[in-house]
There are 2 protein chains.
Amino acid sequence: MAERVRLIDVAREAGTSVSTVSRALNGSDLISPEVVAHVRAVAGQLGYRADKRAQEFKLGRPLTVGVTVPDLTNPFFSEVLKGLNAAARAGGYRLLIGESSEDPAEELRLVDELVDYSGALVLCSSRLTRAGLEKALAQPVPVVCINRTVKNAGVVAIDYRAASRLLLEHLTGLGHRRVLYVGGPATSWSDGERRRTLRRTARALDVTLDEVDGGWSGNHGYDAGPTVLHSRATAVITFNDLVGIGLLSWMYDNGVEVPSELSVASYDDIPIAAYSRPPLTSLRNERAKLGELAWEQLTKRLGGADWPAPDLLTPELVVRASTGPARRRARIRAS
Amino acid sequence: MAERVRLIDVAREAGTSVSTVSRALNGSDLISPEVVAHVRAVAGQLGYRADKRAQEFKLGRPLTVGVTVPDLTNPFFSEVLKGLNAAARAGGYRLLIGESSEDPAEELRLVDELVDYSGALVLCSSRLTRAGLEKALAQPVPVVCINRTVKNAGVVAIDYRAASRLLLEHLTGLGHRRVLYVGGPATSWSDGERRRTLRRTARALDVTLDEVDGGWSGNHGYDAGPTVLHSRATAVITFNDLVGIGLLSWMYDNGVEVPSELSVASYDDIPIAAYSRPPLTSLRNERAKLGELAWEQLTKRLGGADWPAPDLLTPELVVRASTGPARRRARIRAS
DNA sequence: TCCTTGAGTGCAAACGATTGCAACCGATCG
DNA sequence: CGATCGGTTGCAATCGTTTGCACTCAAGGA
């Protein structure tokens with residue numbers, strides 16, 4: 001907790017001026033090598049560290065990118081953050097992270113705050129209303145949206161159209177003709193996309209698609225158990241793996257065999273999905289890559305270019321033991 | 001992306017000086033109410049937003065706290081971050097998050113970088129060597145360690161002594177006399193604590209304790225399967241729930257019944273632990289609270305006080321179906 | 001020898017905010 | 001009526017850094 005060493009201290013000690021020290025430390029070419037060496041030595045010895053605040057202030061460009069996520073504890077977002085963090089750090093930027101707790105109003109507040117500190121914004125699965133989003137985009141910094149398409153901003157998203165097709169084709173291939181979708185948070189754009197693309201594909205494949213509301217956690221999945229059981233579907237698609245795992249748990253607790261009586265599949269393929277009982281069929285997507293791509297778009301934009309075309313990531317279906325051939329007879333209902 | 005409005009612009013428009021505007025906006029009491037109202041109005045109309053960089057630079061105190069975590073995707077850390085984030089935000093601070101990827105060298109680099117931007121540091125389950133930690137503590141900002149005890153810093157940790165006792169007493173109550181611990185990352189202080197306290201308690205309870213190395217993920221648990229099976233233990237304690245769930249999965253795949261043939265229990269009780277098959281007996285700890293307490297220690301310290309005594313959080317044992325009475329006969333070994 | 005040249009260096013002005021201090025005002029008091 | 005005083009306001013310095021510009025000085029050409 002010693003006193004801060006400033007440029008002027010180094011200058012005094014080295015017997016030169018602050019400008020010389022600054023230039024020496026920043027590798028300017030109009031300074032003699034000996035002086036550079038000397039100054040570097042003195043600076044090192046004194047333990048000089050540039051005041052980043054003053055530096056960024058003077059230079060005018062914040063080397064920070066603000067990120068909002070709905071929920072820090074959701075593995076999906078964690079991994080996106082991981083990818084984004086790595087990419088941004090490699091580019092000399094740091095991440096300022098805000099969590100909106102799935103609340104659009106809070107997210108708006110967050111954006112409003114982060115923009116004061118950041119040179120760029122990344123909105124991860126934004127729960128913002130359309131109007132809120134417009135407002136966010138009016139900020140004087142470039143914005144990238146992950147998993148939400150919008151004009152005048154960078155866009156990186158999962159290709160849900162392809163995703164839903166993969167899922168439904170897998171299920172129809174197993175003979176399922178009636179599928180139930182257990183949905184996610186109402187404010188989630190990606191839930192909307194999943195529903196939209198599922199409906200569309202279901203129509204094309206001549207599959208009956210039912211939908212119920214759900215949520216994003218294991219609890220939501222577990223709670224959906226009775227509804228699922230009483231539906232006439234032979235296969236269920238859940239909003240994400242946490243919901244899927246919760247649902248599997250309910251089925252086990254209530255003696256419903258998966259996949260012989262009911263197939264369950266899901267989006268995201270978080271690591272733990274491979275270890276559920278039975279292991280969950282799910283759509284693997286490169287979440288970390290979402291973050292990396294977001295950063296790429298941002299650098300291009302910061303470099304002066306226009307926004308590139310949206311990046312769409314196509315997921316890959318990982319078939320595990322939670323899906324199997326459709327049963328023939330109507331399920332025996334629990335009382 | 002309009003031009004920034006500065007204080008001087010507001011002053012010009014309002015027909016006063018910058019000092020007046022600054023004072024009006026910051027609620028100084030030596031300024032007339034009418035002027036305040038007028039300035040506020042003009043500022044609002046012009047859409048003025050203080051340049052936080054300049055502000056913090058001038059004021060000299062960074063309103064940012066730097067945090068390091070070994071792995072963003074680990075639910076344990078996510079929740080700690082959640083709690084810390086909420087508390088810090090409430091206190092007007094923001095979080096700058098760095099991920100060390102479980103690598104001590106990277107963590108040291110991270111600390112070195114974060115300290116330039118932050119008014120305080122929180123090291124979450126630091127993987128630093130003792131020397132590295134000393135170095136980090138020599139930084140000119142207060143440091144709080146979560147799950148690692150150290151002098152001259154704030155400390156918030158899980159009470160592993162109580163934790164291990166709860167676990168072992170539960171198992172001995174079920175008749176287990178031989179227990180295997182599947183460990184975590186070698187650089188993890190908390191793994192060391194778990195081992196230390198388990199050994200000690202095992203001795204006190206006259207339980208035979210074996211140990212094997214493991215890791216922190218589901219994969220590590222799954223891979224530990226064969227070793228566990230060939231051990232003579234009737235119960236296993238895993239480093240965390242992810243490892244536990246991975247191990248359960250291997251047991252299932254290899255026809256080992258849990259808990260009738262083998263009991264499995266773990267630390268942390270992450271949400272998904274309730275939905276594994278069978279549901280995992282685990283130690284619930286208030287992870288978000290760890291973050292909150294870290295913030296509390298920090299504010300006290302920033303307020304000029306000495307470091308308070310370490311906060312120790314006692315976990316609570318959540319008994320689920322993965323633990324049961326010890327089997328009598330020697331297990332039939334798989335080939 | 002003197003002037004030009006260019007590399008190396010220092011002075012001082014920024015960046016945008018906050019704040020101590022002095023100046024100013026009208027009102028009140030002696 | 002002048003000095004004083006309390007309440008407002010503006011001037012200017014300041015935070016630590018970068019950088020345009022002017023300057024110095026040695027070398028080289030005329």
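Please read all numbers here as calculations on a predicted model, not as lab measurements. Order of the sequence lines fixes the chain letters, A, B, ..., with proteins taken first and strands second; residue numbering starts at 1 for each chain.
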ask   = Around B/Ile8, counting heavy atoms of other residues, nucleotides and ligands shown, do more than 12 lie under 6.0 Å from its CD1?
value =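 Not more than 12 within 6.0 Å, no.
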query = Is A/Asn152 atom CG crowded by more than 12 heavy atoms from other residues, nucleotides or ligands, each under 6.0 Å away?
reply =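 12 or below, so no.
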[X] [atom1] to [N] [atom2]: how many Å, rounded?
X       : N      : atom1 : atom2 : result
A/Leu25 : D/dT19 : CG    : C1'   : 15 Å
A/Arg12 : C/dG10 : CZ    : P     : 14 Å
B/Asp9  : C/dC15 : CG    : P     : 11 Å

inquiry  = Does A/Trp216 form a ring pair (Phe, Tyr, Trp, His ring centres under 6.0 Å) with A/Phe76? I'd like the steps, not just the answer.
reply    = CA-CA 11 Å; A/Trp216 49 269; A/Phe76 183 91; over 10 Å; no
Reckon [X] has a side-chain N or O less than 4.0 Å from the OP1 or OP2 of [N]?
X       : N      : result
B/Tyr48 : C/dG16 : no
B/Ser22 : C/dT18 : yes
A/Gln55 : D/dG16 : no

Please write out the pairs of protein N or O atoms and N or O atoms of nucleotides 10-13 of chain D separated by less than 3.5 Å, giving the distance to one decimal.
from   : atom 1 : to      : atom 2 : distance (Å)
D/dG10 : OP2    : B/Ser17 : N      : 3.3
D/dG10 : OP2    : B/Ser17 : OG     : 3.0
D/dG10 : OP2    : B/Thr20 : OG1    : 2.1
D/dG10 : N7     : B/Arg23 : NH2    : 3.0
D/dG10 : O6     : B/Arg23 : NH2    : 2.7
D/dC11 : N4     : B/Ser19 : OG     : 2.9

message = Quick test of your reading: applying side-chain hydrogen bond (donor to acceptor under 3.5 Å, both in side chains), list the pairs with at least one residue in residues 36-49 of chain A, sequence neighbours left out, ordered by first then second residue.
response =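 As it turns out, the side-chain hydrogen bond (donor to acceptor under 3.5 Å, both in side chains) pairs with a partner in residues 36-49 of chain A, which skip direct neighbours, are A/Arg49-B/Asp112, A/Arg49-B/Asp116.
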ask   = If we require ring centres under 5.5 Å and near-parallel planes under 30°, does A/Phe57 stack on D/dT17?
value =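 So no, this residue does not stack on that base, at least one cut-off failing.
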query = What are the two closest heavy atoms between A/Leu46 and A/Val10, and how far apart are they?
reply =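 That would be CD2-CA, 4.0 Å.
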task = Heavy atoms only: give me the nearest A/Gly119-A/Pro142 pair and the separation to one decimal.
result =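 Heavy atoms of A/Gly119 and A/Pro142 come nearest at O-CD, 3.4 Å.
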request  = Give me the one residue out of B/Leu298, B/Val150, B/Leu123 that meets side-chain contact (heavy atoms from CB on, under 4.5 Å) with B/Val144.
outcome  =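 Single pass found, and it is B/Leu298.
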query = Under 4.5 Å between any side-chain heavy atoms of A/Asn147 and A/Glu193, yes or no?
reply =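 Counting from C-beta outward, A/Asn147 and A/Glu193 never come under 4.5 Å.
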ask   = With sugar-phosphate meaning primed atoms plus P, OP1 and OP2, does B/Ile31 contact a base, only sugar-phosphate, or nothing at under 4.0 Å between heavy atoms?
value =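 Sugar-phosphate contact only - B/Ile31 comes under 4.0 Å of backbone atoms but never of a base.
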query = Which part of the nucleic acid, if any, lies within contact of B/Leu59, taking any heavy atom under 4.0 Å across all strands shown: a base, the sugar-phosphate backbone alone, or nothing?
reply =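 Sugar-phosphate contact only - B/Leu59 comes under 4.0 Å of backbone atoms but never of a base.
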Protein-nucleotides 22-26 of chain D N/O pairs under 3.5 Å:
none

query = Using a distance-only test with no angle check, is there a side-chain donor-acceptor pair under 3.5 angstrom linking B/Thr187 and B/Glu102?
reply =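 The answer is no; no qualifying pair exists.
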